Amino acid sequence: MYKVLIIDDEEPLREAINILGDWKGLGVDQVLEATDGKMGLEMLRGHKIDLALVDMKMPELNGSELLRIAEHEFPDLLLIVISGYNDFEYTRQAIRSKVVDYLLKPVNRADLNSALRKAVDVLEAKRKKESEFINRNITLNMSLPKLKEKMYLSIIERSFKNQSNEAFLPLIGADKPGNHFAVGVLRMLNLEQVRHHRFHEDRDLLHFAVTNVMSENSDGHFEAFSFASPRSEREFIVIFTLKGSYGEDAAFLSLHHMKKAVSTLKELFGMICASGLGQPYSDCLDIAQSYELATAALDGIDLLSLKGSIVSNSGYTKPAAKDSPSLTGRMPLIRSSLESGNTGHAKSILSDFTRKWKTSEKFSLGEADRTIQEFIILLGDIAQELNAVPERLLSTKRQGLRGLGIGSDFATFGEFEAVLSRILDVYAGEISRSLAGDRGSVLENIKAYIDNHYFENIKISMFTDKYFLSREYLMKLFKGQYGYGIHEYVQKVRMDKAKDLLSDPALKIQDISERLGYKDKNYFSKAFRNYYECSPSEFRLLLTEGEK
């Protein structure tokens, strides 16, 4: 599945592309939108976008400038250029930036899907090449030795019994004096993104890729053995064994190996990893202590200063515990805002609070994890009190953020804030729907407004702000009720009205264009032709001939 970004300052065009694109048939599962070049660049930097459709004339940052930046920063990004101007300079920059295709406005279904299919064919070819690389490496190391993994886990969980497992000690090198053991804990900060885009949701294949990289360069003297952690789906445990040497050597080699592995994972698969490393011990049972130190080092990594992958050992000392600000005190204000339907105010309260963390001395990964869990519980309590707890909110107890349909990736404080904001959006939407009751009258009001104001610049945000509904939910409701998207319905009303006005020979096409809300007669003519497959002049001629 692929992720597409539409970068255009005209909302009707973005809506048209959304409607006309055969997204399901092309394997596109997410279509994002940016309202100008500057916002588009920010979204390219914050999301793993496979394909971007770029308007050449935009405020803030025009298409040509955006193409030049994208060519440098995102060499793997595929681009389709859209322009209402048949300008050679735009075409020349498009060719220079190696865009997949060049479309002229107004975009029609056939040309759009032809360009999209061309881009998807390129993406599928690249994906096949990456898959072949992984499959070749699978043959080198088919599976983890489960017995060894179970032994390490039993030691970490402090349930290992020397007497009953004595025969298996040689399996982990615990039968020989002089060996040292250390533990590393690796967390993938962009797990869902990588699993989706690089491994096509194949969890086992991703696990193999990580453990294969972690075990590279192991030899008879130094060994790294890794496996998925039962604590979290995004974490891996690595056991380092240094045979017949000193603890200082084990510490140095473990840190060096972990840094190299983290760098390799980033280079090969785009994985952003945070890692904690525990102290080496000569007794295999102290692997449990090393694991706890590694976990503490990982949880103690400062999210505020985190920039890409990192390995931390915190000097092998547990970070000092500190009181983390809690959202509990702000929840009455958030509840009041949600109950009154003012999601924007609730978000403002949340933003004010997270700003305190952002300006604090430190905010750790562990604190971020605890905050997310706390926020879900507190919002769940509010939803329950307001009798707004549908099945998908109840499922969060079993599936966490996945039950809410929210990605839990975050590698920066800003992405952590975005996770909190998405959680709030989900609960706010459910509470709003529960409290608002029947939406039928809302849809009737929207339709009546369009029928009477079709000549105005109608934006979906006008209705989402008025009725406290999300854009996606409102569009789904409207199309389910009337069979058209909102912008699609505006276009239908305008085109129906255009036919009526064209029947009056006294009206000039320029006048009709203005009455319908088009500032440009040429754009009206193109829109009319795209809708009826003939120009306004040709339609009027057909009417005249029909009267003879």
Side-chain angles (χ1 to χ4, degrees), residues 32-33 35 39 42-43 46 303-304 324-360 363 367-397 399-410 412-439 442 445-446 459-477:
L32 304 177
E33 297 181 17
T35 57
M39 180 182 176
E42 291 173 356
M43 292 184 71
L303 184 59
L304 296 174
S324 174
S326 173
L327 279 166
T328 305
R330 296 299 178 98
M331 294 312 292
L333 292 175
I334 290 178
R335 171 183 171 146
S336 177
S337 298
L338 295 179
E339 197 168 4
S340 63
N342 195 341
T343 304
H345 187 240
K347 282 194 169 186
S348 176
I349 296 169
L350 177 63
S351 179
D352 287 343
F353 193 76
T354 57
R355 196 175 296 118
K356 291 184 177 180
W357 288 323
K358 197 170 186 176
T359 57
S360 64
F363 186 75
E367 289 174 304
D369 290 337
R370 290 189 292 274
T371 298
I372 288 173
Q373 295 306 314
E374 178 189 27
F375 196 40
I376 290 174
I377 292 170
L378 293 172
L379 285 174
D381 290 342
I382 291 175
Q384 193 163 18
E385 291 166 6
L386 297 175
N387 295 316
V389 192
E391 178 59 30
R392 78 177 185 134
L393 295 190
L394 292 173
S395 70
T396 57
K397 295 180 180 178
Q399 301 178 33
L401 291 178
R402 191 184 303 168
L404 291 174
I406 294 174
S408 56
D409 284 351
F410 63 90
T412 65
F413 187 83
E415 291 173 356
F416 161 71
E417 287 182 296
V419 171
L420 292 180
S421 181
R422 290 195 292 270
I423 294 171
L424 181 57
D425 278 336
V426 169
Y427 279 91
E430 298 296 349
I431 290 170
S432 173
R433 282 188 281 277
S434 175
L435 297 178
D438 181 26
R439 296 295 187 193
V442 170
N445 291 340
I446 293 174
K459 296 183 178 180
I460 293 177
S461 58
M462 296 164 51
F463 308 122
T464 57
D465 292 344
K466 182 175 181 179
Y467 299 110
F468 309 110
L469 295 170
S470 73
R471 185 176 185 275
E472 293 75 17
Y473 183 67
L474 178 57
M475 290 169 63
K476 182 179 179 181
L477 282 179

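In this text the structure is predicted, and so the values were computed from the model without any measurement.
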To the nearest 0.5 Å, atom CG of Asp425 lies from atom NZ of Lys347 at 3.5 Å
Given the rule in the side-chain contact (heavy atoms from CB on, under 4.5 Å) test, do Leu474 and Phe463 qualify, once you have shown the distances and angles that lead to the verdict? CA-CA 8 Å; Leu474 178 57; Phe463 308 122; 3.6 Å; yes
The reported gap from CD1 in Ile376 to CD1 in Ile406 (rounded to nearest 0.5 angstrom) is 7.0 Å
To the nearest 0.5 Å, atom CD1 of Ile460 lies from atom CD1 of Ile446 at 9.5 Å
Determine whether Leu338 and Leu424 make a side-chain contact, defined as any pair of heavy atoms from C-beta on separated by less than 4.5 Å.
yes
Residues passing the ring-ring contact (aromatic ring centres under 6.0 Å, His included) test with Phe375, sequence neighbours excluded, are none
Rounded to the nearest 0.5 Å, the CG atom of Leu350 sits from the CE atom of Met331 at a distance of 9.0 Å
(message) Less than 4.5 Å apart, side chain to side chain, heavy atoms only: is that true for Trp357 and Leu304?
(response) no
Those residues at least two apart in sequence (or on a different chain) that pass side-chain contact (heavy atoms from CB on, under 4.5 Å) with Ser348 are Asp352
Contacts of Ile377 meeting side-chain contact (heavy atoms from CB on, under 4.5 Å) (sequence neighbours excluded), chain-then-number -> Asp381
Residue set satisfying side-chain hydrogen bond (donor to acceptor under 3.5 Å, both in side chains) with Glu417, at least two apart, ordered chain then number -> Thr354
Exercise. Do the non-hydrogen side-chain atoms of Ile349 and Ser337 ever get within less than 4.5 Å of each other?
Worked result: yes
For Thr412, the side-chain contact (heavy atoms from CB on, under 4.5 Å) test, sequence neighbours excluded, returns Glu415
Output for pair (Asp369 CG, Phe416 CZ), nearest 0.5 Å, gives 8.5 Å
Practice item. Please work out which of the three classes, parallel, tilted or perpendicular, describes the rings of Phe413 and Phe363, given edges at 30° and 60°. Key: perpendicular
Taken in chain and number order and not counting sequence neighbours, the residues that satisfy side-chain contact (heavy atoms from CB on, under 4.5 Å) with Lys476 are none
Distance col, row Leu327:CG vs Leu379:CG, nearest 0.5 angstrom, shows 8.5 Å
### Query
Is there a side-chain contact between Leu303 and Glu367, using heavy atoms and a 4.5 Å cut-off?
no
Shortest non-hydrogen pair, Met39 vs Glu33, comes out as CE-O, 3.8 Å
Nearest heavy-atom approach of Val419 to Gly407 is CG2-O, 3.9 Å
**Asked** Under the 3.5 angstrom rule, does the side chain of Ser421 hit a backbone N or O of Ala418 as a donor-acceptor pair?
**Response** no
